[in-house]
Amino acid sequence: MAGKVAPLLTDGERIAGVSAAGPYVNFSLNRSCFIEHVLSEIAARGEKYGSGDQGAGKTLVIDFASPNLARPVHIAHLRSIAIGQAIYRIHDFVGWKCVGINHWGDYGTNFGQLLAAYLMWADPEKVKANPVAELLALYIRFNEEKEQNPDLQDEARKCLSRLANGDAEMVSLWRFFIDEGRREAERIYDILDVHFDEFLGESFFADKLEDVVELYQKAGLAEESDGALIVRLDGDGEDIPAPCMLRTSNGTSTYHSRDIAALLHRHEKYAFDRVVYVTDMRQILHFRQIFKALKLLGVDWIGGASHAPFGMMSFQGEAIATRSGNIVLLEDVLEKAIELTADIIDEKNPDLKGKAEVARQVGISAVIFADVSSRRARDIVFDLNEMLRFDGETGPYIQYTHARFCSILRKHDQPADPMADLSMLGQLAEMRVARQLEEFPRQLESACDESEPSYIASSLIDLATAANKFYNELPVLVGDDENLTAARIRLVDGIRTVMRTGLLLLGMNAPEEM
RNA sequence: GAGCUAUUAGCUCAGCUGGAUAGAGCGCUAGCCUCCGGAGCUAGAGGUCACAGGUUCGAAUCCUGUAUAGCUCGCCA
C-alpha cells in the first residue's frame, strides 16, 4: 500500500521527498524551509515565543508551598514550592492572570504541641535568640516524650483550647510562633525568588465554619453521624466511600470545612477559571472529597478545580518526618549547592565577574532543576550528591549551554540580522536544533494543561543536546562566509531565546556567563 | 478488606492520546582543543519495558489479574 501511495504524493516547496519504507510513507521536510519558518516565528515573537493567547482573560488561582508554620522548611517542601512556582510562571507566560496563594498552616494540633512543649521546657531567652532551631528542638522533644507519656497530648489539647478561648498568654505565644515561622519561610522564598500574591492562614477560615454548615444544611446534604456533621459522597456513580466531615463532635471545624470555606472565598474573590492545588499524594482523597462536596452543592465552576499531586520524598529509606528530627533543612542544601558551585567557578572560570551572584544562580537552579525535571508522580529518594551533580542532564548543563551561546552573540557584537539569508541553513545539526525549537511551544502547552513542568525540563534538555552538537560540528563565527555567519547567528539567537524562556519558566536563572 | 500512585539498562530517569531496531544522563571503556566556553562532544559495552493473560495487522503504551513499593480510607492536617 505504501509503495503505491508514495509516488502519488508530489514533492513541494516544503516537502523535499516522499518515499515508501515497509508499511510507512515517509515525508522528508525541506530543511531550509523548515528552519526559516521556525526562526521567522521566533524573530516575530521575540521573548514571547511559545506563548499564544491561551490564557487571555482567564484567571488561575494556585495554592502551593503552604507550609505548616510550626515546623521549619525542609528539603521535601521544595517539591510544592518549585512545582507550584513553575506552574504559576507557565500560566503567566501564556497569558493567564495568576494568583499564587500561600495557605499556610497556623492552626491545629502542631501548635498545641508546640505551646505545651514551650510551657514545659523552654528557656525563653534561648528561644528568642534562635527561634527556628529551638522551636524545632521543642517540637521533636515533645514527640519523643509523648511516646513514653501519652498524657502529653492532653496538655497539647488544653493549650489549644486555651488558645481558642483567647487566653492572652497562649495567643501571644502563638503569634510569636507564626511570626517566626512566617519570617523563616519568607526568607527561603526570597532565596528561591518565589512570590505569592496572597498569604492567608488556615486560622482565617476557622470561624467561617457556620457559613459552610448552613450551606449544606439548606441543601439538605448534611447529616449527623456519631455527633459529627458529615456530607455523604457515595451517592452517585463515582462513589467516594469516605464522607466529608464538616464539623467534629466537639463542634470544631475540620480540614474539610476549612478548605471548602477557603475555596468558596477564593472563587468569590477572584472568580477564577482554574484553581490548582500543589500538594503531595497523600491528599488525593482529600481533594476529591472537597471537589465532590462542592459539586453536590451545585457550584458550576468546580470543573475548573484540580489537584496536581506529587510523589513523596524519602530519605535513606525512611520517611522524612519533622517530629522524629529526620529532616534536612532546605536552606542547608541550597547553601551547599552554592558553595560547590563557587568552587567549580574558581576552578573553571576564575576571572568571572560577579562570581558570588553567579554561584547563587547556578547552585540554586541546580537544586530546583533536580526537583522539577522528573514527572510529578514519581517518588524521590533524597540524595544530596545526586542533587548536586553538575554534568549530564542537569540544571547547570542547560545554563552552561545558554551561557555558551550568549558568549557567541557577545563576540558577534551586533544584533541578529533580520534580513539574513536563512536558506543557507540546512545541515542536519541545524535541522535538529530547529526541530527542538519548533517543539517547545507544544511542550509548553502540555505543561500548562497538565500542570506538569517536567515537560519543559525535558524539552530544554533535548534542545541543549541538539544545540551542543551543533556547536561542536558547525562553526558560527569562525570562517569567512559572512552570510553563513549571519544565518547561523539567527539560529544561535533562537537557541538563546528559548533556553532563557524555559529556564525562567522553571523558576531558574539564566546567567549569560558562568 | 477497599482505593490511589508507581514499577523501563548497575544507578537516576524519558518515552505512555498504540506504530519502524525501546532512548538519555550517571558510572565503566576508548577517543576529541592549528577553530566560537571541555559544566561540552564522539564511539562502545549494558534491556525477558515487574509477571501472566487479553484487545489489535501492530502493545513499554490500552484492558483484566498477580506481585512488589509508597500513600490513603469520618473526628490529624
Side-chain angles (χ1 to χ4, degrees), chain A residues 21-24 26 66 68 70 105 107-113 153 202 225-233 239-256 258-259 279-286 288-289 309-314 317 319 341 344-345 347-349 352 362 366 370 373-381 383 385-387 389-401 403-412 446 454-455 457-459 461-462 464-465 467-479 485 488-489 492 513-514:
Chain A
Y24 302 96
N26 290 336
S66 301
N68 187 308
Y107 198 79
T109 317
N110 293 306
F111 283 90
Q113 296 176 336
Q153 198 60 43
E202 278 189 284
S225 173
D226 295 336
L229 192 69
I230 64 166
V231 177
R232 292 201 179 279
L233 303 175
D239 285 353
I240 302 176
C244 177
M245 183 181 297
L246 296 179
R247 189 170 60 198
T248 69
S249 52
N250 296 326
T252 60
S253 64
T254 64
Y255 189 38
H256 286 135
R258 289 199 289 276
D259 254 1
T279 80
D280 70 53
M281 300 214 141
R282 284 180 298 193
Q283 302 196 32
I284 288 177
L285 176 61
H286 170 72
R288 281 185 64 205
Q289 290 175 303
F310 52 82
M312 305 293 293
M313 184 181 278
S314 61
T341 310
I344 295 175
I345 291 174
E347 178 197 328
K348 297 184 189 270
N349 197 359
L352 178 66
V362 175
S373 59
S374 59
R375 297 188 63 134
R376 283 195 335 254
R378 270 191 189 276
D379 288 342
I380 291 184
V381 176
D383 178 342
N385 293 329
E386 183 68 19
M387 215 166 236
R389 249 188 49 228
F390 279 27
D391 35 36
E393 296 173 341
T394 63
Y397 172 68
I398 297 170
Q399 290 175 313
Y400 174 77
T401 308
R404 201 178 210 195
F405 286 96
C406 283
S407 169
I408 292 182
L409 293 170
R410 249 193 331 272
K411 289 203 167 76
H412 185 58
S446 298
S454 67
Y455 292 155
S458 305
S459 186
I461 288 288
D462 291 345
T465 302
N468 280 314
K469 287 178 187 188
F470 161 69
Y471 182 96
N472 273 278
E473 278 181 41
L474 303 170
V476 176
L477 302 176
V478 181
T485 292
R488 285 188 177 152
I489 282 290
V492 170
E513 293 181 69
M514 62 187 271

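Bear in mind that the values here come from a model prediction, so they are computed numbers and not experimental data. We name chains A, B, ... by the order of the sequence lines, and we start the count at 1 in each one.
- With hydrogens and angles disregarded, no donor-acceptor distance shorter than 3.5 Å links the side chain of A:S407 to the backbone of A:A403.
- Side-chain proximity of A:M514 to the nucleotides B:C75, B:A39, B:G40 is greatest for B:A39.
- Within 4.0 Å of A:Q399, counting heavy atoms only, lies no atom of the nucleic acid at all.
- The A:R288 side chain lies nearest to B:G3 when the options are B:G70, B:A39, B:G3.
- Taking atom P in both B:A59 and B:A22, one finds a spacing of 13 Å when rounded to whole Å.
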Between N or O atoms, less than 3.5 Å apart, protein on one side and nucleotides 8-11 of chain B on the other: list the pairs.
from: B:U8; atom 1: O4; to: A:R378; atom 2: NH2; distance (Å): 3.4

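- The side chain of A:M312 sits closest to B:G70 out of B:C41, B:G70, B:C36.
- Rounded to whole angstrom, the span from the CG atom of A:L477 across to the P atom of B:C36 amounts to 10 Å.
- Considering only side-chain atoms of A:N472, the nucleotide from B:G40, B:G37, B:A77 that sits closest is B:G40.
- Only the C1' atoms considered, B:A24 is 15 Å distant from B:U42, to the nearest whole Å.
- In this structure, A:A464 and A:R389 both approach RNA chain B, and ranking their closest nucleotides by distance from the 5' end singles out A:R389.
- Note: OH (A:Y24) to C1' (B:G18) measures 11 Å, nearest angstrom.
- Residue A:Q289 contributes atom CD, which lies 15 Å from atom P of B:C76 at whole-angstrom precision.
- B:C41 atom P lies 10 Å from atom CG of A:D391, rounded to whole Å.
- For A:D379, whose side chain is taken as the heavy atoms from C-beta onward, the closest listed nucleotide among B:A14, B:C71, B:G70 is B:G70.
- Residue-level contact check: A:N110 touches neither bases nor backbone, having no heavy atom under 4.0 Å from any strand.
- At a cut-off of 3.5 angstrom, counting only N and O atoms as typed in the model, there is a donor on one side and an acceptor on the other between the side-chain of A:N26 and the base of B:A20.
- Looking at heavy-atom distances under 4.0 Å, A:L409 makes no contact with the nucleic acid at all.
- Residues that satisfy the side chain to side chain donor-acceptor pair (under 3.5 Å) test with A:T279, not counting sequence neighbours, are A:H307.
- B:C51 sits 23 Å from B:U56 when the P atoms are compared, rounded to a whole Å.
- Regarding A:L233, its CG atom lies at a distance of 17 Å from the P atom of B:G3, rounded to whole Å.
- For A:D379 (side chain) and A:M312 (main-chain N/O), a donor-acceptor pair under 3.5 Å exists by modelled atom type.
- Nucleotides B:G54 and B:U48 place their P atoms 22 Å apart, quoted to the nearest Å.
- Counting atom types as modelled, A:S249 pairs a side-chain N or O with a base atom of B:C75 as donor and acceptor under 3.5 Å.
- To the nearest whole angstrom, the two P atoms, one in B:G47 and one in B:A67, are 29 Å apart.
- Residue A:F405 is classed as having no contact, given no heavy-atom separation below 4.0 Å to the nucleic acid.
- Here the nucleotide nearest the side chain of A:V478, chosen from B:A24, B:C36, B:G15, is B:C36.
- Considering only side-chain N and O atoms, A:R404 lies under 4.0 angstrom from the phosphate OP1 or OP2 of B:G38.
- Among the heavy atoms of the strands, none lies under 4.0 Å from A:I489.
- For the pair A:R376 CZ and B:A6 C1', the interatomic distance rounds to 14 Å; values are reported in whole Å.
- B:A14 and B:A77: their C1' atoms are spaced 35 Å apart (whole Å).
- If you check the side chains of A:Y400 and A:N468, you find no donor sitting under 3.5 Å from an acceptor.
- Put simply, the side chain of A:R378 never gets that close to the backbone of A:G311: no donor and acceptor are under 3.5 Å apart.
- With sequence neighbours excluded, the residues that form a ring pair (Phe, Tyr, Trp, His ring centres under 6.0 Å) with A:H286 are A:Y255, A:H256.
- Side-chain nitrogen and oxygen atoms of A:K348 include at least one within less than 4.0 Å of the OP1 or OP2 phosphate oxygen of B:A39.
- Closest to the side chain of A:E393, from the set B:C36, B:C4, B:G25, is B:G25.
- A donor-acceptor pair under 3.5 Å is formed between the side chain of A:N349 and the backbone N or O of A:M514.
- Stacking between A:Y400 and the base of B:G37 is absent under the criterion of ring centres within 5.5 Å and planes under 30 degrees.
- Comparing atom distances between the A:V476 side chain and each of B:C36, B:A39, B:A77 picks out B:C36 as nearest.
- To the nearest angstrom, C1' of B:A69 lies 16 Å from CD1 of A:I380.
- Evaluation of the ring pair (Phe, Tyr, Trp, His ring centres under 6.0 Å) rule for A:F390 yields no partner, not counting sequence neighbours.
- A:T465 places a side-chain N or O within donor-acceptor distance of the main-chain N or O of A:I461, the cut-off being under 3.5 Å.
- At B:G40, none of the side-chain N or O atoms of A:K469 fall inside 4.0 Å of OP1 or OP2 (strictly under the cut-off).
- The number of heavy atoms from other shown groups lying within 6.0 Å of OH (A:Y107) does not exceed 12.
- Across all strands, A:F310 comes closer than 4.0 Å to no nucleic acid atom at all (heavy-atom distances).
- Among the heavy atoms of the strands lying under 4.0 Å from A:P475 is at least one base atom, whether or not backbone atoms are also near.
- Listed by chain and residue number, A:I240, A:A242, A:Q289 satisfy the side-chain contact (heavy atoms from CB on, under 4.5 Å) test with A:L285 (two or more places apart in sequence, or in another chain).
- With hydrogens and angles left out, the side-chain atoms of A:T394 and A:R389 include no donor and acceptor closer than 3.5 Å.
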Watson-Crick or G-U pairs under 3.5 Å in RNA chain B, rendered as dot-bracket with [ ] for crossing pairs and | for another strand:
(((((((..((((.....[...)))).(((((.......))))).....(((((..]....))))))))))))....
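- Formation of a donor-acceptor pair under 3.5 Å by the A:D383 side chain with backbone atoms of A:N385 is found in this model.
- Whole-Å rounding puts the A:M387 CE to B:C26 C1' distance at 16 Å.
- Taking 4.0 angstrom as the limit, A:S407 places a side-chain polar atom (N or O) nearer than this to OP1 or OP2 of B:G37.
- B:A20 and B:A39: their P atoms are spaced 37 Å apart (whole Å).
- Residue A:I230 is in base contact, counting any heavy-atom pair closer than 4.0 Å across all strands shown.
- When each of B:C4, B:G37, B:G70 is scored by its nearest atom to the side-chain atoms of A:A403, the top-ranked nucleotide is B:G37.
- Look at A:Y397 and you'll find a side-chain N or O under 4.0 angstrom from OP1 or OP2 of B:C41.
- Among the heavy atoms of the strands lying under 4.0 Å from A:T109 are primed sugar atoms or P, OP1, OP2 only; no base atom is included.
- In this structure a side-chain-to-backbone donor-acceptor pair under 3.5 Å is missing from A:N250 to A:T252.
- Comparing B:U5, B:G37, B:A14 against the side chain of A:R375 picks out B:A14 as the nearest.
- Nucleotides B:G27 and B:G23 place their P atoms 22 Å apart, quoted to the nearest Å.
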